[in-house]
Amino acid sequence: MTAQPGGGRGNALGLPSGNPMTKVVVSFLAFEVIVFGLAIPGMILVSGMSVAMSVVLGCIGMAVSIVCAVGVPRTWGYLLAWVLQVFAILLGLATPMMYVVGIIFAAIWVSIIVLGRRLDGTPDVR
């Protein structure tokens, strides 16, 4: 189940492969790599978590963000990106600042998908 090149409706989770917002999605996921990297010192210094647990949680987020960016043209990339947004919010269990950051990034993610679908429905945008 993959998005077909050349447009179409795409899938229920993401955007079709020809959508101009696909590049924005990849850029957004690159910024999430940075956010998860910066969450590591936050977990250590603000919440007093162990260094090992902080690094493991941060690296999981960074690795999944990179995998999502690679898999974005396909359905599994978008599915994994939605799971990543939930992970970012749940990282608030480790450090409360990530509740706020996770919710902000999830809102941006939803906005990107909504705007991308609107663009896909508008002729002559490309």
Side-chain angles (χ1 to χ4, degrees):
M1 181 173 173
T2 60
Q4 298 298 319
R9 287 198 72 227
N11 55 60
L13 300 172
L15 303 171
S17 60
N19 193 295
M21 290 296 279
T22 303
K23 292 176 182 155
V24 176
V25 168
V26 173
S27 299
F28 173 80
L29 291 167
F31 280 113
E32 279 203 320
V33 173
I34 296 167
V35 166
F36 285 118
L38 291 174
I40 294 171
M43 288 185 275
I44 296 168
L45 299 173
V46 174
S47 297
M49 284 189 71
S50 70
V51 173
M53 182 57 89
S54 299
V55 169
V56 167
L57 290 173
C59 287
I60 287 171
M62 291 189 303
V64 173
S65 296
I66 293 168
V67 171
C68 289
V70 171
V72 148
R74 298 173 228 24
T75 302
W76 64 264
Y78 284 104
L79 175 63
L80 196 57
W82 282 103
V83 172
L84 181 67
Q85 304 316 308
V86 173
F87 176 76
I89 295 169
L90 290 179
L91 204 54
L93 296 171
T95 183
M97 70 176 186
M98 283 305 292
Y99 282 126
V100 175
V101 174
I103 289 170
I104 290 170
F105 270 76
I108 295 169
W109 174 255
V110 170
S111 299
I112 290 171
I113 297 299
V114 169
L115 290 174
R117 289 186 183 184
R118 284 185 186 170
L119 279 175
D120 194 49
T122 306
D124 301 328
V125 171
R126 296 178 197 110

*asked:* Does any part of the side chain of Met62, heavy atoms only, come nearer than 4.5 Å to the side chain of Cys59, both counted from C-beta?
replied: yes

*Any side-chain heavy-atom pair of Val101 and Phe36 under 4.5 Å*: no

*How long is the span from the CG atom in Leu119 to the CG atom in Leu15, to the nearest 0.5 Å?*
9.0 Å

*Return the minimal non-hydrogen interatomic distance between Ala94 and Leu57, and the atom names on each side.*
CB-CD1, 4.0 Å

*Ring geometry between Trp82 and Trp109 (parallel below 30°, tilted from 30 to 60°, perpendicular above 60°)*: perpendicular

*Ile89-Ile112 co-clustered via ILVMFWY side chain contacts under 4.5 Å*: no

*Are Ile60 and Leu93 grouped together when hydrophobic residues (ILVMFWY) are joined by side-chain heavy atoms under 4.5 angstrom apart?*
no

*In Å, rounded to the nearest 0.5 Å, how long is the span from CG of Leu90 to OH of Tyr99?*
7.5 Å

*Check against side-chain contact (heavy atoms from CB on, under 4.5 Å), Val67 and Trp76*: CA-CA 10 Å; Val67 171; Trp76 64 264; 3.8 Å; yes

*Supply the atom-to-atom distance Ile40 CD1 to Met49 CE, rounded to the nearest 0.5 angstrom.*
11.0 Å

_Any Leu29 side-chain heavy atom under 4.5 Å of Leu84 side chain_ = yes

*Identify whether Val46 and Ile104 are in the same connected component of the hydrophobic contact network (ILVMFWY, side-chain heavy atoms under 4.5 Å).*
no

*Could you tell me the separation between the CZ atom of Phe31 and the CD1 atom of Ile108, rounded to the nearest 0.5 Å?*
10.0 Å

*Do Val83 and Phe105 belong together in a cluster built from hydrophobic side chains that touch within less than 4.5 Å?*
no

*Of all the heavy-atom pairs spanning Ala81 and Cys68, show the shortest one and how long it is.*
N-SG, 3.4 Å

*Rounded distance [0.5 Å steps], CD in Gln85 versus OG in Ser65*: 8.0 Å

*Spacing of Arg118 atom CZ and Ile113 atom CD1 [to the nearest 0.5 Å]*: 13.0 Å

*Would you say the side-chain atoms of Glu32 pair up with the backbone N or O of Phe28, donor to acceptor, closer than 3.5 Å?*
no

_Joint hydrophobic cluster, Leu38 plus Ile103, side-chain heavy atoms closer than 4.5 Å_ = no

*Indicate yes or no for a side-chain donor-acceptor contact from Thr95 to the backbone of Met98 under 3.5 Å, with no hydrogens or angles considered.*
no

